[in-house]
Amino acid sequence: MMLKSGVNPLGMKTETLLAAIVANEVYALHGHSLVITSITDGKHGVGSYHGLGWAIDTRTRHLTDLETETIADEISERLGQFYDVVIEIDHIHIEFDAKRASCPS
Ligand SMILES: [Zn+2]
């Protein structure tokens with residue numbers, strides 16, 4: 001696992017660190033290295049989970065579309081119901097849904 005230059009982990013939550021560990025395992029299983037492209041840095045929307053330390057983005061430009069889908073599905077399956085894994089144009093966004101975890105249904 002490595003961080004892209006400029007990626008700032010300040011304020012990253014342990015729940016998010018767990019997601020990074022799981023993502024790293026899944027990338028490795030598919031023969032790819034994990035590059036984190038954003039943690040609490042970068043321009044994200046107001047109220048974004050990035051600013052709160054609850055989200056990471058992982059690089060996908062070295063993956064095929066199929067690999068990206070497979071890896072994202074596997075990360076989501078491993079992390080379970082309190083995480084959201086979303087495929088974006090050039091990354092996978094992974095966030096811990098603290099609200100859902102606080103009030104599990
Ligand atoms: Zn993101």
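Both counts, for ligands and for their atoms, begin at 1 and track the order of listing.
- Closest approach between the Zn ion (ligand 1) and any N/O/S atom of H93 involves ND1.
- With respect to the Zn ion (ligand 1), D57 has OD1 as its nearest N, O or S atom.
- Side chain of T60 to backbone of D90: a donor-acceptor contact under 3.5 angstrom is found.
- The nearest N/O/S atom of H50 to the Zn ion (ligand 1) is NE2.
- Side-chain atoms of H30 and E67 include no donor-acceptor pair closer than 3.5 Å.
- Remark: the backbone N or O of I39 is paired with a side-chain donor or acceptor of H50 at under 3.5 angstrom.
- Although no hydrogens or angles enter the test, the distance criterion places a donor-acceptor pair under 3.5 Å between the side chain of K13 and the main chain of L52.
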